[in-house]
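One structure below.
Keep in mind that this is a model prediction, so the values were computed, not measured. Counting starts at 1 for both ligands and their atoms, in listed order. Residue numbers run from 1 in the order of the sequence given.
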Amino acid sequence: MPDSVMQQQWSTSHLSGGNASYVEELYELYLHDPNSVADEWRSYFQKLPQAGSNSGSDVSHSTVREHFQLLASGRRRPQTTATGQVSSAHEKKQVDVLRLIQAYRMRGHQAATLDPLGLWKRPEIVDLNLSDYGLTDADLDTPFRTGELFIGKEEATLADILDALKSTYCSTYGAEYMHIVDSTQRRWFQQRLESVRGKPQHSAESRRHLLERLSAAEGLEKYLGTKYPGTKRFGVEGGESLIPMLDEIIQRSGSYGIQEVVLGMAHRGRLNVLVNILGKNPRDLFDEFEGKKNDSLSSGDVKYHQGFSSNVMTSGGEVHLALAFNPSHLEIVSPVVEGSVRARQDRRKDTSGDKVLPIGIHGDAAFAGQGVVMETFQMSQTRAYKTGGTIHIIVNNQVGFTTSRQEDARSTEYCTDVAKMIQAPIFHVNGDDPEAVLFVTQLAVDYRMQFKRDVVIDLVCYRRRGHNEADEPSGTQPLMYEKIAKHPTTREIYAERLIAEGVLDEEAVLTKVEDYRTALDNGQHVVKSLVKEPDTGSFVDWAPYLGHKWTARHDTRFDLKTLQELANRLNTVPDGLVVQRQVGKIVEDRRKMAAGALALNWGFAETMAYATLLHEGHPVRITGQDVGRGTFSHRHAVLHNQKDGVPYIPLANLSESQPRFDIYDSLLSEEAVLAFEYGYATTTPNALVIWEAQFGDFANGAQVVFDQFISSGEHKWGRLCGLTMLLPHGYEGQGPEHSSARLERYLQLCAEHNMQVCVPTTPAQVYHMLRRQVIRPLRKPLIALTPKSLLRHKLAISSLEDLAEGSFQAVIPEIDAIDPKKVDRVIMCSGKVYYDLLEKRRNEGQENIAIVRIEQLYPFPEDDLFEVLSAYKNLKHVVWCQEEPMNQGAWYCSQHHMRRVIAQLKPKNLHLQYAGREASAAPACGYPSLHAEQQDKLLQDAFTVE
Ligand code: AMP
């Protein structure tokens, strides 16, 4: 076996770390008699390096192997048992017992009682049978060493060991942690789980509190069910343990010093979480049931998508809670929550996740089914997106709408298996055992706080009603619902248990139920820890950004001298930093640009937008695929030292007191990454937050984020968002997939001034557009179609004065000195085609044609366009020219604006004409020759169409 493979095996298999002693035992047996161990072990041991051989390996888990070498050389370790020699039958059984212990750790969860309904049919786990190890009942009274079993004894009878294993690993919860490679973490779990043997002790007070929270969870649903029968509320019934679980997470994380918790969840149980966890006033919820509208929102949203914020008191101090608004698209809120958490952590300079905690509440079917879950997990430890670990809760009611648990909903044993991709520990817990729920919850919080990694709790429960309260579930799940009809509630089961154990009496149980109902009747808050006058410093003040129109005044000019100083600072490469040759040329050119010796290009102007905003105190965050360099190599915001590969980020080193400048190449995801940035931007109003697509069309992998959040979040939920999306766009013969950013998609989503769609064509335009995005108090998403070849186009240049003095122009009039009186044709266009038109006109010397650029397609600048066009009194033709096919680009979505403007012009009977590609199924053709032909024709059409 090659050494690297060995190394891999040691570090990733269950042979390393805590299993070492077991393997040692096997190895001793093998040394004594190679035939006494299973074939696979024999062949494994045969391949181990022999004593004295020099493998040169630096295997990190090398202790066992070194020990093997010692053993092989005949120098034995002292025996730790008094029971005799390796050769004895007892010693062989001892090894088998250790194997059995390992089997329970790995597979005990498969024999745990997880389903409250008792309907799961799980195959027998032969690995857990004594007979599988050659052990029998006759061995039960024999004492064996317990190895590393944390049960407080070095030696115990097999019966005791078995009892400890069963109660630890096969009770009403099951723990999956043996897939974690890091032995410290595995041992942590072993210690925590085995030391209580599955029977954690909870104080009477905390048990009464558990019942009180369950009474609240059940009480709210009953109340709503009676008051508003048949109205959709996606009740938590069957999964009531979610409420005490969340309560515990918040309280316990508060005791660790967590100051903010952001939750994301789908509709199931949301109303219960709003009222019983976040402390939303039940009166407000009832108003919503009774049809009350929020008049400040033009769309609004259903009550089970609503977010909420509040502060609650914990033993560690006040904790700010925020439940994210959520569309029906399950799971997409998860990366939004992560982005919001990261923004809060950045604001608090919390680099390790000690102050802000994300909680994701998922449905079982969605968690197993939606790809964004995997994307979000993949982000969890990356530089750009990590948040110090998320606590995931699966409300596993075993049905996805009407789709049954295993046969159709997934191919994996558990709905949580995807979490193993990042080696997250997973607890499956029977929702009808609230104390087991409490125990795994505490473990999950402790693990997250100690290791700063994701952890998953699979709350196995059921859904007492249909998908919603108007839905009859027995048509599709007859047996399950027959069982549910007879099944007592979690509260009833637990109340009975507490009464039986003398923790409280029947009257006290009843009082809890009645007190809760009375509070609802009175429309009172039902969260005792709610802080009535929250510390406003615990969240961002959005007041400065509210109530502005898109025409709000702003000034994006910047002092020329300071601009040059900033540029010089950026372009001064620190001593010892060896930049690559082409990069060195870019830096050199930028120095000349700063000195006014060279016209400014795109990369310079864009960089100066960031530098000037940073100088003015605005943080900047840019992520996306390859953003450090830029897909088309224009940005070079990160310089890589050619000597040692260490990156240097000039924009992060402008001054000691500057705000954050973060730039990260993203993982190759669009959906989760864009959702994350949406979450970040909706939490950080004073920053420029940018997501850049590698090619514009790749944004279609994130379509749900545009549809459900970016374009409509403000109108559904009143959540402003200043996120900027840079989408490279341009027809340059690269084929159907790398030409179009699908401008039409965004324009079609535009209404009610919900977002901005811009197509800047000069360096100064991108500079002022980016600055405007932050300097103007308005917070609206900005979709910017950015260029590819224009990044280096000889005509796409600006001057230092253009940056220092200008502003973003929604419409750019004709730039050549053409006499307006001679103009009888105006060509309007956006983007790169402008330069093709300009060159053609200059080459042909046509003085009757003016070319006008529309740089902002939404909100459409009708007034600006009117002003520009009204200079031409002798117009005969007004043409819209685009590179995109007729069914794409701006034509269909923007023509009514242009027509409206044309109708107001003095020359009458003007008709808007079209010059562009024919309607096409694909965005662009794949053949360069056909592309060129089409391009020539559309330019020609623009000049001649009548
Ligand atoms: P949060 O910390 O997300 O709960 O936000 C605290 C408060 O800030 C909310 O209750 C809102 O009033 C306000 N707020 C937060 N985010 C936004 C946003 N994107 N747009 C407008 N107001 C917001």
Side-chain angles (χ1 to χ4, degrees), residues 250 254 258-265 270 273-274 277-281 284 294 296-301 305-312 318-327 333-348 350 355-360 387 527 530-550 552 619 621 674-689 705 708-724 752-755 773-774 776-782:
I250 292 161
I258 287 287
Q259 293 166 16
E260 282 187 83
V261 174
V262 186
L263 301 100
M265 74 181 296
R270 195 178 184 94
V273 170
L274 281 167
I277 296 294
L278 286 110
K280 176 169 176 161
N281 193 326
D284 295 337
N294 179 344
S296 64
L297 302 174
S298 62
S299 306
D301 203 348
H305 290 166
Q306 298 296 337
F308 196 74
S309 312
S310 63
N311 285 21
V312 294
E318 207 170 317
V319 174
H320 177 64
L321 306 178
L323 174 65
F325 290 83
N326 188 52
V333 79
S334 304
V336 174
V337 164
E338 300 298 331
S340 177
V341 167
R342 177 65 180 251
R344 292 165 204 260
Q345 290 175 341
D346 286 352
R347 182 170 88 92
R348 292 175 178 274
D350 172 19
K355 295 183 184 153
V356 190
L357 171 75
I359 302 178
T387 52
V527 172
L530 190 72
V531 177
K532 301 280 163 35
E533 285 181 18
D535 168 12
T536 50
S538 62
F539 47 86
V540 173
D541 180 13
W542 278 79
Y545 308 96
L546 302 176
H548 298 286
K549 290 207 160 46
W550 73 277
R621 174 181 164 95
L674 183 59
F676 186 102
E677 299 308 333
Y678 171 83
Y680 196 102
T682 46
T683 315
T684 315
N686 69 332
L688 177 65
V689 184
V705 188
Q708 260 69 25
F709 292 92
I710 291 169
S711 63
S712 54
E714 181 183 346
H715 297 79
K716 292 192 293 192
W717 311 317
R719 282 298 184 265
L720 306 175
C721 176
L723 181 62
T724 297
E752 303 180 82
H753 294 166
N754 56 343
M755 51 189 194
Q773 184 66 357
V774 183
R776 190 165 58 170
L778 185 80
R779 288 295 169 267
K780 298 271 182 190
L782 166 62

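Cation-pi geometry between Arg719 and Phe325 is not met: the NZ or CZ atom fails to fall both under 6.0 Å from the ring centre and inside 45° of the normal.
Around ligand 1, the residues contributing at least one heavy atom under 4.0 Å from the ligand are Ser309, His320, Ala322, Arg344, Phe539, Val540, Trp542, Thr682, Gly718, Arg719, Leu720.
Taking a cutoff of 4.0 Å between a charged side-chain nitrogen and a carboxylate oxygen, Lys780 and Glu714 qualify as a salt bridge.
Leu323 contributes atom CG, which lies 6.0 Å from atom CG of Leu263 (distance to the nearest 0.5 angstrom).
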Could you walk me through whether Asn311 and His320 satisfy the side-chain hydrogen bond (donor to acceptor under 3.5 Å, both in side chains) test, starting with their C-alpha distance in whole Å, then the side-chain angles of each, then the deciding distance to 0.1 Å, before giving a yes or no? CA-CA 4 Å; Asn311 285 21; His320 177 64; 2.7 Å; yes

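Applying the salt bridge (charged side-chain N to carboxylate O under 4.0 Å, His left out) test to pairs two or more places apart or on separate chains, those with a residue in residues 335-344 are Glu260-Arg344, Arg342-Asp346.
Side-chain contact between Met755 and Ile710 is present, with heavy atoms from C-beta onward closer than 4.5 Å.
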